[in-house]
Visitor: 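The structure follows.
So that the names make sense, note that chain A is the first sequence line, chain B the second, and so on, each numbered from 1.
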2 protein chains.
Amino acid sequence: MNIADQVYSAADSATQDRAQTIRDQLRDAIVDRRLAPGTKLSEGEVGTLFDVSRTVARAALQMLSFEGLVRTERNRGAFVANPSPEEARQVFASRRLIEPGIAIAACGRVTAADIVAFKAQLDEEGRFIAERGPHARRSEIKASGDFHLLLASVAGNAILQRFMEELVARSSLVIALYGRSGASACGHSEHTGIVGALESRDSGLASRLMLHHIDHIEADLDLRVRAGPALREALNF
Amino acid sequence: MNIADQVYSAADSATQDRAQTIRDQLRDAIVDRRLAPGTKLSEGEVGTLFDVSRTVARAALQMLSFEGLVRTERNRGAFVANPSPEEARQVFASRRLIEPGIAIAACGRVTAADIVAFKAQLDEEGRFIAERGPHARRSEIKASGDFHLLLASVAGNAILQRFMEELVARSSLVIALYGRSGASACGHSEHTGIVGALESRDSGLASRLMLHHIDHIEADLDLRVRAGPALREALNF
DNA sequence: TGCACAAAAATCGTATGCAATCTTTTTTGC
DNA sequence: GCAAAAAAGATTGCATACGATTTTTGTGCA
């Protein structure tokens with residue numbers, strides 16, 4: 001980490017809420033699957049873990065519940081979300097609606113510096129795919145999500161960017177839950193194709209490629225209900 | 001208020017958070033323009049007003065800040081959002097992306113009972129347009145937003161529905177801020193047309209009508225910066 | 001009068017305490 | 001031995017308290 005990063009994160013944690021930094025760390029843990037769906041996140045535990053009071057921990061959990069990554073039940077507490085197949089479909093239906101439009105917008109605003117950033121992102125994805133093991137696989141899911149977030153930031157609409165942050169985070173959960181392990185690496189070449197479309201400012205192509213890409217991600221999921229869904233829910237599993 | 005309503009709201013306030021009901025009331029007040037943009041919402045004041053502690057008031061304000069209706073500054077407090085013209089454009093760009101898709105989805109799921117609800121909604125809109133005065137105008141903006149929320153609920157995607165709730169609320173703020181008063185009533189006939197397209201399950205028509213409708217709403221805004229924008233921001237006005 | 005500076009008031013950020021609710025364990029009756 | 005009831009323990013919901021920060025007020029000096 002260089003000096004600039006140190007200053008930035010120092011200023012960050014000092015200026016903005018501690019709750020927000022806790023939220024970010026918890027979100028990373030959920031998206032990385034270090035916290036399994038259904039895991040209880042008690043206020044006290046989170047508080048002692050991050051060395052803050054329950055008040056702050058509670059605020060962080062409230063934020064995550066707004067994002068749909070955590071489900072809170074009154075008088076019972078907060079749990080890592082366990083999206084149902086139906087929820088998973090809604091997540092991808094939302095992405096199909098939003099992301100092709102984001103790709104078009106990004107085509108109209110992308111700069112040379114952005115392209116450089118995209119290429120760096122693609123390189124990082126490639127590294128994680130080359131590696132093996134569960135840690136690399138988690139990093140791969142994360143990096144794949146970051147690609148979509150980078151695109152959203154280039155599109156220049158702060159509102160859509162926030163929606164995408166939520167959708168990508170929830171997608172990561174869904175992929176971790178329902179993903180068929182073998183087929184995950186195929187997204188990389190599609191990302192490369194989208195960057196190519198961006199580079200040539202071909203918004204129609206970028207939009208089409210993005211739509212296909214989302215379809216492929218969803219097709220790689222196994223959204224059939226495994227056991228009886230009522231039972232699964234009853235067991236909170 | 002009839003018995004059913006009493007029971008409903010009693011169960012509501014008992015079952016779910018008090019913070020949530022405070023948020024809803026504040027949101028209504030903001031959307032109705034009873035709380036002007038820039039108004040300070042101090043935790044203590046909100047708390048005493050609703051007869052709860054600062055803890056609960058703070059949670060409600062945090063929710064509103066997630067929705068973009070309230071802007072919070074550390075150690076300074078919460079203020080009713082004052083969206084810039086650029087933010088206003090982003091709100092409508094987002095709606096252009098999402099709502100035509102919602103209209104298509106709604107076409108595929110709309111029931112006879114939904115159509116009845118839409119007709120009732122249109123009637124209510126018509127009543128408020130016929131009335132005059134500032135109160136009727138506020139109700140008219142609210143009712144117009146409710147039409148879009150009804151459509152989102154028919155579309156059957158909970159995630160998109162929540163996005164739309166946020167977008168409609170922010171739109172109401174934007175319209176209140178930048179709307180040209182004379183031209184607001186024109187949306188009603190377009191709503192009627194959209195319901196007609198729904199009734200005949202013509203998803204292409206519904207989608208096109210929706211897109212035009214959003215364009216018309218945005219065209220009725222005056223998004224030119226009035227004074228120097230830096231000055232306006234500096235004055236927090 | 002205008003400005004700089006200090007004291008006071010208001011407000012926020014956070015920790016902590018207590019009552020209410022839920023969960024688990026123990027006890028009791030059959 | 002097992003089911004139901006009761007008690008103990010844990011956890012949340014909420015109010016309140018206190019230090020930190022910001023805003024306002026008041027005062028002296030040019």
Visitor: To the nearest Å, give me how far apart CZ (A:Arg71) and P (D:dT12) are.
Guide: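 Nearest whole value for this atom pair: 14 Å.
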Visitor: Look at B:Arg89 together with B:Glu218 and state whether they make a salt bridge at an N to O cut-off of under 4.0 Å.
Guide: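 Judged by the 4.0 Å cut-off on N to carboxylate O distance, B:Arg89 and B:Glu218 do not form a salt bridge.
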Visitor: Measure CG/B:Leu61 against C1'/C:dC12 and give the value in whole Å, please.
Guide: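 Rounded to whole Å, this separation is 12 Å.
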Visitor: Looking at A:Arg162 and B:Glu166, is there a salt bridge between them, counting it only when a charged N and a carboxylate O are closer than 4.0 Å?
Guide: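 Result for this pair is yes, salt bridge flagged.
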Visitor: For A:Phe50 and C:dT14, give me the distance from atom CZ to atom P, rounded to whole Å.
Guide: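 Rounded to the whole Å, the gap is 15 Å.
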Visitor: As a test of reading the structure: which of C:dT21, D:dT16, C:dT16 is closest to the side chain of A:Asn75, going by heavy atoms?
Guide: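 Shortest atom-to-atom distance from the side chain points to C:dT21.
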Visitor: What is the distance, to the nearest angstrom, from the CD atom on A:Glu43 to the P atom on C:dC22?
Guide: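 Answer to the nearest Å: 15 Å.
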Visitor: Once you round it to whole Å, what is the distance between P of C:dA15 and CZ of A:Arg58?
Guide: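 Result: 14 Å.
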Visitor: Choose from D:dG13, D:dA15, D:dT21 the nucleotide whose nearest atom is closest to any side-chain atom of A:Arg74.
Guide: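 Minimum distance to the A:Arg74 side chain belongs to D:dG13.
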Visitor: With axes from five pairs an end, tell me the bend angle of the helix from C:dT1-D:dA30 to C:dC30-D:dG1, nearest 10°.
Guide: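 Answer rounded to 10°: the end axes differ by 10°.
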Visitor: One thing to verify: whether B:Lys142 and B:Asp32 come together as a salt bridge, which I'm taking to mean a side-chain N less than 4.0 angstrom from a carboxylate O.
Guide: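 B:Lys142 and B:Asp32: not salt-bridged.
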Visitor: Measure distances between side-chain N and O atoms of A:Arg76 and base N and O atoms of D:dG13, and say whether any donor-acceptor pair falls under 3.5 Å.
Guide: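 In this structure, the two groups form no donor-acceptor pair.
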Visitor: Return the value, rounded to whole Å, for the distance between atom CD of A:Glu73 and atom P of D:dT12.
Guide: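 Answer to the nearest Å: 12 Å.
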Visitor: Give me the atom names and distance for the closest heavy-atom approach of A:Ala57 to A:Gly47.
Guide: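 Heavy atoms only, the tightest pair is CB-N, 3.7 Å.
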Visitor: Which is more 5' along DNA chain D, the nucleotide nearest A:Ala78 or the one nearest A:Thr55? Just name the residue.
Guide: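 Between the two, 5'-proximity favours A:Ala78.
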Visitor: For a quick check, tell me whether the side chain of A:Ser42 and the base of D:dT12 share a donor-acceptor pair closer than 3.5 Å.
Guide: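 Answer no: no donor N or O sits under 3.5 Å from an acceptor.
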Visitor: Looking only at side-chain N and O atoms, does B:Ser53 come under 4.0 Å of OP1 or OP2 in D:dA15?
Guide: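 Looking at the OP1 and OP2 atoms of D:dA15, one of them is under 4.0 Å from a side-chain N or O of B:Ser53.
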Visitor: Looking only at side-chain N and O atoms, does B:Asp24 offer a donor or acceptor that is under 3.5 Å from a partner on B:Thr21?
Guide: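 Checked: B:Thr21/B:Asp24 side chains show no N/O donor-acceptor pair below 3.5 Å.
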Visitor: Taking all non-hydrogen atoms of both residues, which atom of A:Ala81 and which atom of A:Leu173 are closest, and how far apart?
Guide: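 Closest pair (atom of A:Ala81, atom of A:Leu173, distance): O-CD1, 3.8 Å.
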Visitor: On DNA chain C, check which nucleotide each of B:Leu41 and A:Val56 is closest to and give me the residue with the more 5' one.
Guide: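 On the 5' side of the pair lies B:Leu41.
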Visitor: Rounding to an integer number of Å, can you tell me how far A:Glu45 CD sits from D:dT12 C1'?
Guide: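 Value for this atom pair: 14 Å.
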Visitor: D:dC18 P sits how many Å from B:Arg54 CZ, rounded?
Guide: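 Atom CZ in B:Arg54 sits about 14 Å away from atom P in D:dC18.
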Visitor: Just by distance, no angles: are the side chains of A:Ser171 and A:Arg95 close enough, under 3.5 Å, to form a donor-acceptor pair?
Guide: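 There is such a pair between these side chains.
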